[in-house]
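Proteins come first, then strands; the chains are lettered A, B, ... in the order of their sequence lines, and each starts at number 1.
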Amino acid sequence: MPELPEVETILTALKPVTIGQRIVRTEVLRQSMVQEPLKIKRLVKNIRVLDLRRHGKYLFINLENNLTLVLHLRMSGRLAVRKISDAEFRHERLRLVLQKNLVLVFNDPRTLGRIFLAPTDSLASHPRLKLLGPDALTVSQRKFIDRLKARKGVLKAVLLNQSFVAGIGNIYADETCFRTRLDPRRKVQTLSKPEREKLHRAAIATLKKGIRNRGTSISDFLGLHGKPGINQNSLSVYGRKGRPCRSCGTILKSTKIQQRTTVWCPECQR
DNA sequence: ACATCGTCCTGCGCGC
DNA sequence: TGCGCGCAGGACGATG
């Protein structure tokens, strides 16, 4: 589920709850989602949260002792904060017990989410992170275009590739393509310079709109405090196959690109 | 470097 | 109302 705007929305809500607080202990409820669960339980205990960060769809909980807890929500992961005495959520997989009787809970019905611990000073060289491209929200036009030059293949696939830029998933890839009026099936090597520049601006504008709307809540996503986003109400193409284009009225088409449903306007997008 | 496929899981909505 | 099926916003690894 969560792409960059959803992770950013969670991050914003999570900061005031966690920064400066102590993690009293860690409870691992689903071992398969956690790398080295015993090590995490041993080390993420009575330890202070220094800072929270995000890169692409990854969330980093920067702790004392040169440790960073890395979370990826994948398709169905959610973070929530509750009181210890509150009822459990249905699919709790990891619990970070905080001070003040609060618990930060990683819920994930499909258990595809991933959690691991890495040294803060060498995060960038961690095998799971070292191939990530620059964060899609802040990448400069220069860097974006340089990196695009090195790519082949169809536009949508490149946007989804986290080693190109990090943070764009299926929804925001389709929405970015529509905003640029580019056909998601276009080979990136056929894009003109103005089209490449437009693509960079459109990707950032699409992500920023998602953040302003506190994320897209199609089926899974809720903010930290259980509040849905509103971006789903103003999507141009994602999830609108067979419905009229908001711009020209043409019926939107759908295909699979990299096994991901892709929706676009055959009239507006070329 | 790229494309395709299978895999990890559970829940939901749809058609019958 | 119940059942089976296909689909789901992600990423990785194997294979070609």
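- Within 4.0 Å (heavy atoms only), A:Arg128 reaches sugar-phosphate atoms of the nucleic acid but no base atom.
- For A:Leu131 and C:dG13, the CG to P distance is 9 Å, given to the nearest whole Å.
- Rounded to whole Å, the distance from CG on A:Leu129 to P on C:dA11 is 12 Å.
- Summary of the strand contacts: A:Tyr58 and A:Tyr238 both lie near DNA chain C, and taking for each the nucleotide with the nearest heavy atom, the more 5' one is attributed to A:Tyr238.
- Note on A:Lys187: nothing from the nucleic acid sits closer than 4.0 angstrom, heavy atoms only.
- Side-chain contact between A:Arg114 and A:Gln35 is absent, with no heavy atoms from C-beta onward closer than 4.5 Å.
- Residue contacts shown for A:Thr261 are limited to sugar-phosphate atoms, with no base heavy atom under 4.0 Å away.
- Enclosure of atom NZ in A:Lys198 by more than 12 non-hydrogen atoms of other residues, nucleotides or ligands within 6.0 angstrom is indicated.
- To the nearest angstrom, C1' of B:dC9 lies 16 Å from CG of A:Leu73.
- Contact check, A:Lys256 against C:dA8: a side-chain N or O comes under 4.0 Å of OP1 or OP2.
- An OP1 or OP2 oxygen of C:dG9 is reached within less than 4.0 angstrom by no side-chain nitrogen or oxygen of A:Tyr172.
- For C:dG6 and B:dG6, the P atoms lie 14 Å apart once the distance is rounded to whole Å.
- In summary, A:Arg54 and A:Asp135 engage in a salt bridge, as defined by a charged side-chain N under 4.0 Å from a carboxylate O.
- Side-chain N/O atoms of A:Arg114 include none lying less than 4.0 angstrom from OP1 or OP2 on C:dA11.
- At whole-Å resolution of the value, CD in A:Gln259 and C1' in B:dA3 are 10 Å apart.
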Strand DNA chain C in bracket notation, Watson-Crick/G-U under 3.5 Å with | for pairs to another chain
.|||||||.|||||||

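- Between A:Arg186 and A:Glu195, at least one side-chain nitrogen of the basic residue sits less than 4.0 Å from a carboxylate oxygen of the acidic one, meeting the salt-bridge criterion.
- Atom-to-atom, CG of A:Leu4 to C1' of C:dG10 comes out at 14 Å; the value is rounded to the nearest Å.
- Between the side chains of A:Asn213 and A:Asn231, at least one donor-acceptor pair of N or O atoms lies under 3.5 Å.
- B:dC5 and C:dA8 have their P atoms separated by 15 Å, with the value rounded to a whole Å.
- For A:Ser163 and A:Arg151, the side-chain atoms include at least one donor-acceptor pair closer than 3.5 Å.
- Salt bridge A:Glu88/A:Arg95: present, at least one basic N to carboxylate O contact under 4.0 Å.
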Close N or O pairs between protein and nucleotides 11-15 of chain B (under 3.5 Å):
{"from": "B:dG11", "atom 1": "OP1", "to": "A:His91", "atom 2": "NE2", "distance (Å)": "2.9"}

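- Taking a 4.0 Å limit (strictly below) on heavy-atom distances, residues 150-167 of chain A reaches DNA chain C at A:Gln162.
- Distance A:Leu148 CG to B:dA1 P: 15 Å, rounded to the nearest Å.
- For A:Arg240 and A:Tyr238, the positive end is not near the middle of the six-membered ring at less than 6.0 Å and at most 45° from its axis.
- Screening A:Phe106, A:Tyr58, A:Phe116 for a ring-ring contact (aromatic ring centres under 6.0 Å, His included) involving A:His72 leaves a single residue, A:Tyr58.
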Pair A:Thr261-A:Lys241, side chain to side chain donor-acceptor pair (under 3.5 Å): steps then yes or no
CA-CA 10 Å; A:Thr261 301; A:Lys241 175 194 177 181; over 6 Å; no

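- Atom CZ in A:Arg260 sits about 14 Å away from atom P in B:dT4, given to the nearest Å.
- Rounded to whole Å, atom P of B:dG6 lies 17 Å from atom CG of A:Leu112.
- In summary, A:Glu197 and A:Lys193 engage in a salt bridge, as defined by a charged side-chain N under 4.0 Å from a carboxylate O.
- A salt bridge is defined here as a Lys NZ or Arg NE, NH1 or NH2 lying under 4.0 Å from an Asp or Glu carboxylate O, and A:Asp146 with A:Lys149 meets this definition.
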